[in-house]
Amino acid sequence: MNNIVIGQYIPGSSFLYKMDPRSKILALILLMVTTFVLTDIIQILVLLSVLLVILKLGGIPIGRIVKGLRPIIVLLFFTFTFQVLFIKTGRIILDETLHYSFYTILLAVGVVLFWMITKRFIKFKISYFLMMIVGILSIFMYYPIGDPFAQGQLVIYTGGLQGAFFIMVRLIIIVTLSTILTLTTKPTDLTLGLEQLLKPLSIIKVSAEEIALIISIALRYIPTLLDEANKIMLAQASRGVDFKEGKLKDKVVQIISLLVPMFIISFKRSDELANAMEARNFVPGNRRTRLHILTWQTIDTITIIITAITIPVAILLRVMLG
Amino acid sequence: MAIKFTEVSYQYSSPDGSLFDALKNINLDIAKTGEFIALIGETGSGKSTLVQHMNALMKPSSGQVEIYGIKINHSKSKKQKLTPLRQKVGLVFQFPEYQLFEETVMRDIMFGPRNFNISKEEAKQRARKAIIQVGLDESYLERSPFNLSGGEKKRVSIAGILAMEPDILVLDEPTSGLDPKGRDALIDLFTLIHNTYHKTIIIITHDMNIVHQVASRVLVMREGELVFDGTSEALFNNESLNKWNLEEPDLIKMTKQLEQRYSISMRPFPKNIDQLFHHIKDVI
């Protein structure tokens with residue numbers, strides 16, 4: 001429960017930190033569009049290397065970016081597999097027959113069981129998972145023991161590999177871009193920037209200020225509520241609830257015993273917060289001065305111009321090559 | 001010994017990765033019956049962390065806690081069944097909001113006993129008994145726990161633990177946020193339980209008057225260390241009292257003033273108003 005970090009901001013002083021949050025958000029959107037316009041693998045690799053240079057100059061440790069990629073590893077794995085299996089263009093680079101017999105399936109099940117038992121002792125979980133997959137495939141491909149009752153074909157084309165690689169790089173770029181934003185911008189600055197950017201929406205009666213307020217209050221209260229949840233779990237554990245065990249029916253009661261106090265405490269807290277805000281004469285939509293004023297600098301203008309130019313360049317490249 | 005702490009330390013890791021010592025090298029024995037212990041100390045001194053070790057909600061970072069013969073230490077590999085300990089050592093948290101969740105007070109009080117496989121009928125019996133014990137009447141059993149006043153919620157949460165019939169009752173600041181009448185009623189209740197069933201009771205409190213009136217043994221925590229373990233008389237005669245930011249109880253303050261003004265001796269310090277009157281009578 002304690003290892004959840006909300007707001008990944010790490011303090012620093014590079015140019016990425018000095019930039020206005022507004023220009024950072026805009027640049028993020030513009031670069032994302034560029035990423036989607038590009039279709040050539042070389043071009044997208046160029047974009048990735050430019051991104052790596054920015055990371056280096058901005059003094060952001062690569063380790064933090066890799067950490068940011070961790071949640072999407074499953075997604076990356078699935079897109080990769082689907083691309084490899086279903087794109088059938090280019091040369092064939094692998095064409096193997098898979099033998100499904102009683103013995104090979106038994107062996108495969110054995111490998112899976114071995115993986116499930118040993119995985120908790122292995123540090124590199126993802127590589128270990130991939131090794132397990134490769135192991136199973138090679139059993140089906142190279143050890144045709146017993147009578148196969150079915151046979152399958154595993155065909156991999158160069159196009160499939162290329163496509164899979166391309167999509168992976170694209171996803172990695174997008175996640176890296178947003179990680180850069182959240183790493184170098186304080187949550188408060190982020191919501192402030194968002195508020196300013198959404199201001200034009202007031203024409204269609206959407207209050208940017210209220211949206212920003214809701215976001216910042218939500219961000220502020222996530223750690224508090226996690227803390228409360230932890231306390232409730234301890235209080236219920238004192239009354240004999242074992243949150244780790246129990247049948248499905250017990251589980252339902254356990255979750256209710258956590259959720260009901262959670263709801264009541266959150267409502268109470270929001271009520272108190274509303275009172276505290278009113279006591280300080282907060283009126284939604286009123287004109288307010290700010291403690292921190294966003295300043296647009298030359299670097300922000302330059303960033304926006306450069307990132308904006310990448311879009312027509314990408315379209316041009318696509319038209320010329322395509 | 002029911003609970004035995006041997007060189008127990010506990011460290012929190014703060015978000016930036018640094019370690020914070022919540023408990024430092026605690027050695028402590030708590031008897032199965034007959035003790036009335038007050039645990040005092042400043043906010044953040046580790047009192048709540050200490051009591052959460054008493055029913056195995058927390059495991060020590062180093063050292064060992066032994067609760068009813070079950071040894072609890074840092075090793076993770078051993079799969080111990082810890083829930084039975086929580087029936088033996090009942091812990092009431094400071095805020096009743098953290099535990100009340102059922103539709104009626106009756107069902108909420110029954111929740112604890114039911115978790116320890118007590119039959120429905122027996123649990124109902126216990127709920128009826130517990131609600132009376134905490135000084136509310138049976139009409140409360142059918143009410144919703146959320147429509148009660150702060151003091152009533154507190155009593156219901158205590159009843160919820162009492163119904164588990166623990167050997168040792170641990171209460172984290174049971175009197176905070178109560179009016180003087182409610183506070184006195186609760187203290188009377190704890191004294192009653194202590195006297196009738198000889199259960200060991202441990203209360204965390206900031207109220208020195210309570211410590212003086214009821215506690216047979218006082219533990220003082222300071223910055224994660226157990227700096228004092230002894231009788232309340234010994235505590236209030238201790239010279240470090242000021243250093244620990246503790247106040248003398250009103251009765252002792254008053255007695256000392258009387259002693260000073262009329263240069264008389266009124267030792268041992270009176271425990272209650274009656275004893276003070278006796279002292280005064282003797283002098284006159």
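So that the names make sense, note that chain A is the first sequence line, chain B the second, and so on, each numbered from 1.
A salt bridge (Lys or Arg N to Asp or Glu O under 4.0 Å) check over residues 258-267 of chain A, counting only residues at least two apart or in different chains, returns nothing. Sorted by first and then second residue, the salt bridge (Lys or Arg N to Asp or Glu O under 4.0 Å) pairs with a member in residues 249-259 of chain A form an empty list; sequence neighbours excluded.
Contact residues of residues 48-56 of chain B toward chain A are B:Gln52, B:Asn55 (heavy-atom distance under 4.5 Å). For residues 261-278 of chain A, heavy-atom neighbours of chain B at less than 4.5 Å comprise A:Pro261, A:Ile264, A:Ile265, A:Lys268, sorted by residue number.
In the displayed structure, A:Phe15 atom CZ is contacted under 6.0 Å by more than 12 heavy atoms of other residues, nucleotides or ligands. No more than 12 heavy atoms of other residues, nucleotides or ligands sit less than 6.0 Å from atom NZ of A:Lys186. Summarising the local packing, CD of B:Glu122 is surrounded by more than 12 heavy atoms from other residues, nucleotides or ligands at distances under 6.0 Å.
Across all non-hydrogen atoms, the minimal contact from A:Gln236 to B:Gln99 is NE2-O, 3.1 Å. Residues B:Phe111 and A:Val253 come closest through the heavy atom pair CE1-CG1, 3.7 Å. Here the closest non-hydrogen pair linking A:Arg239 and B:Ile161 is CG-CD1, 3.8 Å. Taking both residues in full, the closest heavy atoms of B:Phe93 and A:Ser238 are given as CE1-OG, 3.4 Å, listed atom of the first, atom of the second, then distance. Across all non-hydrogen atoms, the minimal contact from A:Val260 to B:Phe146 is CG1-CZ, 3.7 Å.
Using a 4.5 Å cut-off between heavy atoms, B:Asp108 touches chain A through backbone and side chain atoms alike. If you measure heavy-atom distances from A:Leu259 to chain B, you find no contacts under 4.5 Å at all.
Put simply, the residue from A:Leu234, A:Ile232, A:Asn230 that forms a side chain to side chain contact (heavy atoms under 4.5 Å, CB included) with B:Tyr98 is A:Ile232.
To the nearest 0.5 angstrom, A:Met233 atom CE is 11.0 Å from B:Leu57 atom CG. Note that the NZ atom of B:Lys81 and the CG atom of A:Asp242 stand 4.5 Å from one another [nearest 0.5 Å]. How far NZ of A:Lys231 is from CD of B:Gln94: 8.5 Å, rounded to the nearest 0.5 Å.
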